[in-house]
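Per chain, numbering begins at 1; letters A, B, ... match sequence-line order.
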Amino acid sequence: MSDTSLQQTLPSRRTRLLAPPLLALPAVLFLVVFFVLPLIDNGMRSVIANDGGFTLSRYASLLTDGFYLWIIAQTVLLSAGVTIISIIIGYPVAYFLVRKAGRFSGLIIFLLIAPLLTSIIMRTFGWQVLFARRGLVNNLLVDQLGILSAPLRLTNSPEIAIAALVHVLVPFMVLSIATVLQGIDTRLEESAKILGANRLRTFFEVTLPLSLDGIGTGAILVFMIANGSFVTLVLLGGGMQTLPLMIYQQFNTTRDFGMASAMSMILLVIAVFCLFLQLRLVRRKGA
Amino acid sequence: MKRDWINLGLAAFVVLFFVFMLAPILIVVLVSFTSAGYVSFPIPGWSLKWFAHIFEYQPFIDALIVSIEIAIGATVLSCLIGVPAAIFLARSRSAWASGIMTFLLSPLSMPMIVIGFASLFFLSWLGVGISFAALLITHTVVCLPYIVRTVAGVYAGLPRSYEEAAAILGANPLLTFWHVTLPLIRPGIMAGSLFSFLTSFDNLPISYFFGSASTNTLPVVMLSYMENQFDPTIAALSTLQLALAVVALLIVDRVYGIDKMTVAG
């Protein structure tokens, strides 16, 4: 009796062990074919010259020509700037959310997540309206306060593009930092205070160092998304030239697809590097 | 006394932060109801004419239909291949399972414009260049991670005992999945589908490369409209889109509870 039941359970156990990995196969195959292969194909296109031979000339000019280097630098600087501003703005909000908000914390989380329901076009349009010739800011400066005699041409300036990017990305920073702050044992801060540290010193020597992981997670996420941002810069760019904008231009007007592929690969390398940092951070947290 | 000033300053900062967060959104909602013939703020009077104008511009309507079809199609396709993968990955502790998880989530980390540009050439080479199918495939690449992540999140939090009970009572794996697992992970599927739908619906950097009269999605048409005109039609369309997203969120919340979603998200 026990023998037959054992025999009955054995095969089913084996299928339970063997079948599950197969469950992931369709998704993995799908991404290999429609995500990895296109990127490999893109890499090939970037090193095949117009006459069909192998060339690294596109990378050579991207990495030595001042014009292209400045574009890569602008891309990285813009993302870094947006990331730093997001940390400075986001940290106090995250701190307030975890430590001070109390019964308002639900409302704050709602207000942080709600903008994610709006389209990127809507938010970009919002910034255009705020700073349009007949928008809110010019209305205040010219008609209400009379500081200026004529409306300013404010749209299409780098500052507004940066503000718009921070607006899109800062909720991710707040949520990343808040998650880590939530896990900090408040007794550590109390101990510091009991030992004589004032609030400022407690914050800088206890709370801030303990929340660095949250800042790191948020920073990588924000940097990664800012790096590939495109819609905001097309509409509010203010003359900034970044890799995504150049790919768009190469595709649209110049139609130099090889060069656009090489630029895509540079952007991809930056993204993969960020992903690598992200995984290392997650793994360290797990250990 | 000094403590209070710090707290007050912090609270004031948070209020300013939310003014910054909400201003660009609320202003669009207000402008969509303007009676003026141009974009201005404050608005001179109220009117619904810009909402009516949406329906007079045929490309918006065509693109809206394409967008809805693609968003639903990509979400369904993502569920079909993503849910089984999530079920396996949520319960496996092996190193290569976490590697597969990282791989399945990796499209989220890659610049969309690169995915769009690279896919256009690759899919053209495969013979499905600029077409509905190509748009559907590429959108699925970026929607799949949302399904995998949310479903795996929900499933990992469930005890194994329900499925074991079903198996002991004689249900085969398929029956167990259909009657036990699926109902349990449905909140994750719904939440993931909502994220997936919104991601696809809002996508521009991928859809842009597959644009043609019959495959333009709503954001692509809106972008080209905005490059030529600056009038409140875009505001009206955005407001309508926001209203639909809020309604969708409320329905999912009503049926499954928003707290379950945020835990998984």
Side-chain angles (χ1 to χ4, degrees), chain A residues 15-16 19-21 23-24 26-28 30-31 34-35 37-39 41-42 45 89 92-93 95-96 100 108 111 115 117-123 125-130 132 134-136 139 167 199 224 227-228 230-231 234-235 244 247-248 251 257 260 264 267-268 271 274-275 278-279, chain B residues 6-7 10-11 13-14 17-18 20-21 23-25 27-28 31 38-42 81-82 84-85 87-89 92 100 102-104 106-107 109-114 117-119 121-122 125 137-138 141 144 148 173 198 202 204-205 219 222-223 226 230 234-235 238 241-242 245-246 249:
Chain A
T15 47
R16 278 184 73 175
L23 291 175
V28 170
F30 183 86
L31 283 195
F34 295 115
F35 173 61
L37 288 185
L39 295 179
D41 175 53
N42 190 69
R45 190 167 38 254
I89 296 180
V93 178
Y95 188 83
F96 185 85
K100 309 282 176 195
I108 292 183
L111 289 176
L117 290 177
T118 61
S119 68
I120 186 82
I121 296 244
M122 181 181 200
R123 293 195 253 178
F125 191 75
W127 288 98
Q128 289 187 334
V129 176
L130 280 173
R134 285 187 270 218
L136 181 65
N139 179 279
H167 182 258
R199 271 168 65 90
M224 203 148 67
N227 198 43
F230 156 72
V231 183
V234 167
L235 291 167
I247 295 169
Y248 173 75
F251 177 77
F257 301 138
S264 300
L267 206 53
L268 204 63
C274 289
L275 185 62
Q278 196 176 41
L279 289 175
Chain B
I6 293 177
N7 280 342
L10 192 61
F13 182 85
V14 172
F17 172 78
F18 282 109
F20 164 75
M21 285 308 293
I25 297 166
I27 203 170
V28 176
V31 164
Y38 45 82
V39 176
S40 64
F41 197 86
I81 60 176
I87 284 177
F88 158 61
L89 294 170
S92 177
I100 290 177
T102 306
F103 174 61
L104 293 183
S106 65
S109 310
M110 298 302 133
M112 295 252 208
I113 190 166
V114 174
F117 177 76
S119 297
F121 286 91
F122 181 74
W125 178 71
I137 289 169
T138 319
V141 168
L144 180 66
V148 173
L198 293 176
D202 190 27
L204 181 58
M222 285 169 86
L223 178 71
M226 282 169 87
F230 186 56
I234 296 294
S238 299
Q241 219 174 310
L242 175 61
V246 171
L249 186 70

*Report the C-alpha distance between B/Met21 and A/Leu111 in whole Å, list the side-chain angles of each, state the deciding distance to 0.1 Å, and finish with yes or no for side-chain contact (heavy atoms from CB on, under 4.5 Å).*
CA-CA 8 Å; B/Met21 285 308 293; A/Leu111 289 176; over 6 Å; no
_Restricting to salt bridge (Lys or Arg N to Asp or Glu O under 4.0 Å), what partner residues turn up for A/Arg123, sequence neighbours left out?_
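For A/Arg123 there are no salt bridge (Lys or Arg N to Asp or Glu O under 4.0 Å) partners, ignoring immediate neighbours.
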With respect to chain A, which residue among [options] yields the maximal number of heavy-atom pairs within a distance under 4.5 Å?
options                               : result
B/Ser238, B/Ala23, B/Pro24            : B/Pro24
B/Leu104, B/Thr138, B/Val31, B/Val246 : B/Leu104
B/Pro205, B/Ala235, B/Pro107          : B/Pro107

From [atom1] ([X]) to [atom2] ([Y]), nearest 0.5 Å:
X        : Y        : atom1 : atom2 : answer
B/Leu89  : A/Leu23  : CG    : CG    : 9.0 Å
B/Trp125 : A/Leu37  : CH2   : CG    : 8.0 Å
B/Ile6   : A/Arg199 : CD1   : CZ    : 4.5 Å
B/Phe17  : B/Leu10  : CZ    : CG    : 12.0 Å

Quick check: closest heavy atoms across [X] and [Y], and the distance to 0.1 Å?
X        : Y        : answer
A/Ile247 : A/Ala260 : CG1-O, 4.1 Å
B/Phe117 : A/Phe257 : CZ-O, 3.8 Å
A/Thr118 : B/Asp202 : O-OD2, 4.3 Å

For chain B, the option from [options] that forms the most heavy-atom pairs under 4.5 Å:
options                                : answer
A/Pro92, A/Pro115, A/Cys274            : A/Pro92
A/Asp41, A/Ile121, A/Ile108            : A/Ile121
A/His167, A/Arg45, A/Gln278, A/Met224  : A/His167
A/Leu275, A/Leu39, A/Val93             : A/Val93
A/Ala271, A/Gly228, A/Pro244, A/Gly126 : A/Gly126

Counting only non-hydrogen atoms closer than 4.5 Å, does [X] touch chain A with its backbone (N, CA, C, O), its side chain (CB onward), both, or neither?
X        : value
B/Phe13  : side chain
B/Val141 : both
B/Ile137 : both
B/Leu198 : side chain
B/Phe18  : side chain
B/Phe103 : both
B/Ile25  : both
B/Ser92  : neither
B/Leu144 : side chain

Given that the side chain runs from C-beta out, which part of [X] has a heavy atom under 4.5 Å from chain B: side chain, backbone, both or neither?
X        : answer
A/Phe34  : both
A/Asn227 : neither
A/Leu279 : side chain
A/Phe230 : side chain
A/Phe30  : side chain
A/Ile89  : both

*Give the intermediate values and the outcome of side-chain contact (heavy atoms from CB on, under 4.5 Å) for residues B/Met112 and B/Leu204.*
CA-CA 9 Å; B/Met112 295 252 208; B/Leu204 181 58; over 6 Å; no
*asked:* Using the ring-ring contact (aromatic ring centres under 6.0 Å, His included) criterion, which residues pair with B/Phe88? Sequence neighbours excluded.
replied: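 By the ring-ring contact (aromatic ring centres under 6.0 Å, His included) rule, B/Phe88 matches no residue at all.
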_Quick one, A/Tyr248 with A/Val234, criterion side-chain contact (heavy atoms from CB on, under 4.5 Å). Give me CA distance, side-chain angles, the key distance, then yes/no._
CA-CA 9 Å; A/Tyr248 173 75; A/Val234 167; 4.1 Å; yes
*Any side-chain heavy atom of A/Asn42 within less than 4.5 Å of one from A/Leu268?*
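When only atoms from C-beta onward are counted, A/Leu268 and A/Asn42 do not touch, as no gap falls below 4.5 Å.
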*asked:* If you apply the rule side-chain contact (heavy atoms from CB on, under 4.5 Å), what do you find for A/Phe125 with B/Met222, and how did you get there?
replied: CA-CA 11 Å; A/Phe125 191 75; B/Met222 285 169 86; over 6 Å; no
